[in-house]
Amino acid sequence: MTLFGVRATTRRAALLVAGLGLWTCTWSAQAVETIKILTEEYPPFNFTDKGKITGLGTEVVQAVLKEINIEGQFQSVPWARAYETAQTTENVLIYSINRSKEREKLFKWVGQITPTDFYLFSLKSRNIRLGSLDEAKPLQIGTVNQDIGEQYLASQGFSVGHNLQSSSKYELNYEKLKLGRVDLWVMNELGAYFISRQAGDDPAVVLSKALRIAELSGGGNYMAFGLKTPDAMVERFRKGLEAIKKNGTYDALQKRWL
């Protein structure tokens with residue numbers, strides 16, 4: 001082979017490598033980031049229907065993901081597991097999580113995704129009326145392990161195994177209430193009514209609001225990351241949530257579910 005031929009071959013090889021490199025860079029630039037997202041069975045905010053995780057909170061998170069071009073790997077697990085994993089693992093989003101004084105420094109908060117109002121519910125047939133939280137201490141209350149309701153009641157002098165009966169699912173507490181195994185059920189209003197209807201009941205006939213828990217009401221459900229997640233990732237989600245609130249997507253989802 002002549003020197004000219006060697007040079008030509010070398011030049012073609014270099015162009016081929018450069019072309020492959022450009023193709024690889026272009027493909028990488030188009031690849032969508034993925035992030036792990038944990039939630040629980042907490043209808044109507046997040047729940048599994050026909051093998052798919054749905055609900056008001058889920059659709060808000062999905063809208064944010066679309067806005068910031070990130071793909072979410074959704075998984076529904078018991079709340080205590082989701083709560084611990086999000087705290088200890090980088091780049092794990094958790095929703096729908098209520099914000100409280102006890103939780104404030106444990107997470108990096110993205111923003112509110114749904115409103116909430118919490119009550120101690122009783123059966124209407126029991127006619128339980130409470131003037132204060134202390135009046136509930138002699139009674140049995142259905143809670144969910146590490147849920148905001150259980151955490152709050154524990155901070156107010158209630159305890160699991162004494163006057164709190166802890167479960168892994170919210171629907172179990174509704175069944176306990178109807179069967180008389182608990183006297184009260186701590187739950188947000190929208191979720192309680194949804195679960196009651198799903199069970200074939202009319203919540204206006206079955207449930208009574210024994211006491212509103214003001215400290216848990218008004219703040220709403222949030223999406224959040226643990227402290228190990230970089231601030232830059234949290235800020236991307238904040239901007240995505242702000243964007244869907246400005247462009248009308250957020251309000252449209254709220255109206256569809258509430």
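The structure displayed is predicted, hence computed values, not measured ones. Numbers for residues simply follow the sequence, beginning at 1.
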Minimal non-hydrogen separation, S168 against V144, with atom names
O-CG1, 4.3 Å

Side-chain contact, heavy-atom cut-off 4.5 Å: V182 with N173?
no

Minimum heavy-atom separation for F121 and A192, please, with both atom names.
CE1-CB, 3.6 Å

Check the orientation of Y95 and F74. Use parallel for under 30°, tilted for 30 to 60°, and perpendicular for over 60°.
perpendicular

Should L241 and V92 be regarded as members of a common hydrophobic cluster, given that ILVMFWY residues are connected when their side-chain heavy atoms come within less than 4.5 Å of each other, either directly or indirectly?
no

Is any side-chain heavy atom of Q254 closer than 4.5 Å to a side-chain heavy atom of P115?
yes

Checking side-chain polar atoms at under 3.5 Å, does K176 have a donor or acceptor matched by the opposite partner on S167?
yes

Identify whether L56 and L93 are in the same connected component of the hydrophobic contact network (ILVMFWY, side-chain heavy atoms under 4.5 Å).
yes

Considering residues, nucleotides and ligands other than K178, do more than 12 of their heavy atoms fall under 6.0 Å from its NZ?
yes

Would you say S166's side chain and N145's backbone share a donor-acceptor pair under 3.5 angstrom?
yes

In this structure, are over 12 heavy atoms from other groups packed under 6.0 Å from E102 atom CD?
yes

Is there a path from L172 to I195 through hydrophobic residues (I, L, V, M, F, W, Y) whose side chains come within less than 4.5 Å of each other?
no

Considering all heavy atoms, the nearest Q112-G218 contact:
NE2-O, 4.0 Å

Would you say the side chains of T34 and E71 form a donor-acceptor pair under 3.5 Å?
no

Polar side-chain atom of Y250 near backbone of I113 as donor-acceptor pair, under 3.5 Å:
yes

Answer yes if the ring centres of Y83 and F107 are under 6.0 angstrom apart, and no otherwise.
yes

The salt bridge (Lys or Arg N to Asp or Glu O under 4.0 Å) partner of E59 among K255, R256, K52, K66 is R256

Taking N163 for the side chain and K137 for the main chain, is one N or O donor matched with an acceptor at less than 3.5 Å?
yes

With distance as the sole test, does Q140 use its side chain to make a donor-acceptor pair with the main-chain N or O of R181 at under 3.5 Å?
no

Say you draw a straight line from CD1 of I141 to CD of Q165; how long is it, rounded to the nearest 0.5 Å?
10.0 Å

Verify whether one side chain among S132 and D134 offers a donor that lies under 3.5 Å from an acceptor in the other.
no

Please enumerate all residues that pass salt bridge (charged side-chain N to carboxylate O under 4.0 Å, His left out) together with R197, with sequence neighbours excluded.
none

When the ring centroid of F225 is compared with that of F237, is the distance short of 6.0 Å?
yes

Quick one: CG on N98 to CD on Q151, what's the gap to the nearest 0.5 Å?
9.5 Å

Taken to the nearest 0.5 Å, the spacing of L133 CG from I213 CD1 works out to 6.0 Å

Look at the side-chain heavy atoms of Ile, Leu, Val, Met, Phe, Trp and Tyr, link any pair under 4.5 Å apart, and say whether L190 and Y119 land in one connected group.
yes

Rounded at 0.5 Å granularity, tell me how far CG in N91 sits from CD1 in I37.
11.0 Å

Can you find a pair of side-chain heavy atoms, one from M233 and one from E33, that are under 4.5 Å apart?
yes

Atom pair CZ/CG of F194 and N188 - distance to nearest 0.5 Å:
11.5 Å

Checking the side chain of R99 only, and the main-chain atoms of W109 only, is there a donor and an acceptor separated by less than 3.5 Å?
no

Does the salt bridge (Lys or Arg N to Asp or Glu O under 4.0 Å) test come out yes or no for R238 and E235, once each step is laid out?
CA-CA 5 Å; R238 283 179 183 152; E235 189 60 25; 3.4 Å; yes

Evaluate the side-chain contact (heavy atoms from CB on, under 4.5 Å) criterion for residues L216 and T116: first the C-alpha distance (whole Å), next the side-chain angles of each, then the deciding distance (0.1 Å), finally the verdict.
CA-CA 8 Å; L216 297 182; T116 54; over 6 Å; no

Look at atom CZ of R81 and say whether more than 12 heavy atoms of other residues, nucleotides or ligands are closer to it than 6.0 Å.
no

Under 6.0 Å between ring centres, would you say that holds for F118 and Y152?
no

Do L227 and L38 belong to the same hydrophobic cluster, where Ile, Leu, Val, Met, Phe, Trp and Tyr are linked whenever their side-chain heavy atoms lie under 4.5 Å apart, directly or via other members?
no

Separation of K209 NZ from L120 CG (nearest 0.5 Å):
12.5 Å

Give me the ring orientation class for W185 and Y174: parallel if the planes are under 30° apart, tilted from 30 to 60°, perpendicular past 60°.
tilted

Is there a donor in the side chain of R129 and an acceptor in the side chain of S122, or the other way round, less than 3.5 Å apart?
no

